[in-house]
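For reference, the structure discussed in these notes is given below.
Just so it is clear, the structure is predicted and the values come from calculations on it, not from any experiment. Below, chains carry the letters A, B, ... as their sequence lines are ordered, and counting in each starts from 1.
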Number of protein chains: 2
Amino acid sequence: MTAPTIVPRLNLHDTVTTALRGMILDGVLAPGEKIAERALCERFGISRTPLREALKVLASEGLIDLLPRRGATVAQITEADIRDLFPIMGALEGLAGELACARVDARDIRHLRALHDQMMDSYARRDEHRYLRQNRKIHETIFALARNPALSEMYQQILTRIHACRFILKKCDRDWAAAVAEHAEIMDALAQRDGARLSRLMRDHIAGTSARIALASLDGNEERDAV
Amino acid sequence: MTAPTIVPRLNLHDTVTTALRGMILDGVLAPGEKIAERALCERFGISRTPLREALKVLASEGLIDLLPRRGATVAQITEADIRDLFPIMGALEGLAGELACARVDARDIRHLRALHDQMMDSYARRDEHRYLRQNRKIHETIFALARNPALSEMYQQILTRIHACRFILKKCDRDWAAAVAEHAEIMDALAQRDGARLSRLMRDHIAGTSARIALASLDGNEERDAV
DNA sequence: TATCGGTATTTTGCATTCATAATTCATAAT
DNA sequence: ATTATGAATTATGAATGCAAAATACCGATA
């Protein structure tokens with residue numbers, strides 16, 4: 001029997017889950033904001049049933065808080081969350097780097113090199129928005145090269161949970177330069193297929209990012225303990 | 001303001017989620033088995049609404065597969081899943097070990113030592129069931145000592161997903177001896193608070209477990225590609 | 001003015017209902 | 001006998017309805 005052709009059988013609650021997730025990621029629904037079921041239903045033009053199913057899923061992803069009998073709120077990421085999640089991300093990135101090293105071929109390396117060069121170009125132009133997008137693309141590509149879907153999924157889930165962080169990233173120029181230097185090393189280790197070194201570099205790169213974020217949020221004067 | 005006292009405000013869908021998860025873990029619902037909504041509703045004495053909400057959550061945890069318009073089935077773990085998930089577990093265990101090392105005090109070490117000795121006792125008596133339970137307890141304790149709730153949660157989630165594996169573990173005596181030896185080393189590294197070494201040991205311990213499982217399932221003659 | 005108490009309103013959780021897609025079963029055709 | 005076709009049955013997806021809890025409102029009292 002051939003592999004089953006998946007014909008897109010969409011259903012409302014999945015669609016709504018995706019839509020809601022997007023709204024939270026895009027900041028349409030702000031962290032801490034209360035989610036009024038009926039209002040959202042009207043907005044989407046659907047009934048409460050599929051919406052509530054979507055809320056359950058997003059809650060289990062950690063994107064919203066669901067308190068019994070008191071409704072849903074968009075999850076606020078705290079400094080404790082960042083302290084906890086970044087080391088995990090670091091461990092996952094380290095693993096991804098190691099696996100990727102073992103599996104890349106010359107073509108993959110050329111592809112990554114191209115992405116890397118593009119990002120360096122954005123850095124040279126100080127195009128922060130483009131830089132961040134390309135940076136993310138590079139990390140995602142390394143995960144893809146690791147050929148471990150479960151790993152990629154976990155990575156994405158953590159990225160999603162700490163989405164709010166991207167707003168405070170790259171505050172000062174020195175941090176940005178440090179991150180760029182780390183990326184150059186990462187590219188180098190990968191080109192040499194040095195898995196152990198790449199693993200260490202990626203873990204430390206994430207740890208560095210974490211430290212830079214933590215520092216940024218300490219002297220930043222935004223909300224008290226939400227980032 | 002003091003920390004809010006959470007008074008247990010139970011609701012049906014959470015209860016059902018927990019119950020269903022337990023049924024899957026206990027094997028009451030076998031991997032691959034179709035989950036008939038109405039049958040389960042009658043069994044629980046509830047309506048379909050909370051049950052379906054529970055199914056969505058379990059699907060997002062990877063415990064069941066949910067195909068649009070064709071119902072839910074208990075997820076079957078494949079060899080590919082094991083190949084993917086164990087390295088992730090290894091990375092998480094490694095991180096847990098490192099963090100735990102940085103945070104344990106003498107009392108924690110004594111506690112772990114006690115658990116370790118009990119497990120060794122079970123090994124001496126060849127009490128496999130008790131051994132496995134204590135083994136799990138030790139790993140969970142190390143995660144608890146790491147003081148990273150998000151990390152513990154991810155670990156638990158992966159453990160849950162690969163629950164089916166425990167049935168094929170510890171097949172041969174040599175493997176068991178190897179695992180026991182590794183545990184002795186782990187205990188030692190922790191007592192010495194050698195984070196780097198503990199991290200490496202725990203990661204390799206998981207890798208070893210993975211290899212032993214993979215081998216066991218290769219020469220085992222159970223179902224073709226489900227473990 | 002601020003706080004308390006009680007009622008009205010809203011919101012949540014769950015059951016029920018309805019429409020539609022999927023499956024089953026019987027029948028016909030090869 | 002086996003496969004195809006179509007009607008009957010069943011299951012899923014989503015909307016609606018209803019009871020109970022939480023919140024908002026409002027006047028009374030200190």
**Prompt:** Looking at NE2 of A/His139 and OG of A/Ser152, how far apart are the two atoms once the value is rounded to the nearest 0.5 Å?
**Reply:** 13.5 Å
**Fill in**
Taking a pair to mean Watson-Crick or G-U wobble geometry with both distances below 3.5 Å, D/dT23 pairs with C/dA8
**Prompt:** When rounded to the nearest 0.5 angstrom, what is the spacing between CG in B/Leu151 and CG in A/Asp84?
**Reply:** 8.0 Å
**Message:** So for atom CD, which belongs to A/Glu153, do other residues, nucleotides or ligands contribute more than 12 heavy atoms lying within a distance under 6.0 Å?
**Reply:** no
**Request:** Determine the sole option in A/Leu145, A/Ile142, A/Leu190 for which the side-chain contact (heavy atoms from CB on, under 4.5 Å) test with A/Asp108 is passed.
**Result:** A/Leu145
**Watson-Crick or G-U wobble mate for C/dA28, both contacts under 3.5 Å** = D/dT3
**Request:** Indicate whether OP1 or OP2 belonging to D/dT23 is found under 4.0 Å from a side-chain N or O atom of A/Lys34.
**Result:** no
**Item:** Length of the line joining A/Leu67:CG and D/dA22:P, which is rounded to integer Å
**Value:** 12 Å
**Prompt:** Counting only non-hydrogen atoms, which of residues 41-66 of chain A are less than 4.0 Å from DNA chain C?
**Reply:** A/Arg48, A/Arg52
**CZ-CG distance between A/Arg113 and A/Leu115, expressed to the nearest 0.5 angstrom** = 11.5 Å
**Item:** Separation of C/dT20 P from A/Leu10 CG (nearest whole Å)
**Value:** 18 Å
**Asked** Side-chain N or O of B/Arg70 less than 4.0 angstrom from OP1 or OP2 on C/dT23?
**Response** yes
**Request:** Evaluate the side-chain proximity of B/Leu198 to B/Met202: yes if any heavy-atom separation is below 4.5 Å, no if none is.
**Result:** yes
**Message:** At 4.0 Å (heavy atoms only), tell me whether A/Arg69 reaches a base, stays on the sugar-phosphate, or touches nothing.
**Reply:** base
**Asked** What is the distance from CG of A/Leu12 to P of D/dT16, rounded to the nearest Å?
**Response** 12 Å
**G-U wobble or Watson-Crick pairing nucleotide for D/dA28 (cut-off 3.5 Å, both distances)** = C/dT3
**Approximate separation, where rounding is to 0.5 Å, of B/Thr209 OG1 and B/Ile162 CD1** = 9.5 Å
**Fill in**
From CD of B/Glu37 across to C1' of D/dA14 the rounded distance in Å is 12 Å
**Message:** Please report the distance, rounded to the nearest Å, between CG in A/Leu40 and P in C/dT11.
**Reply:** 12 Å
**Any B/His13 side-chain nitrogen or oxygen under 4.0 Å from OP1 or OP2 of C/dC14** = yes
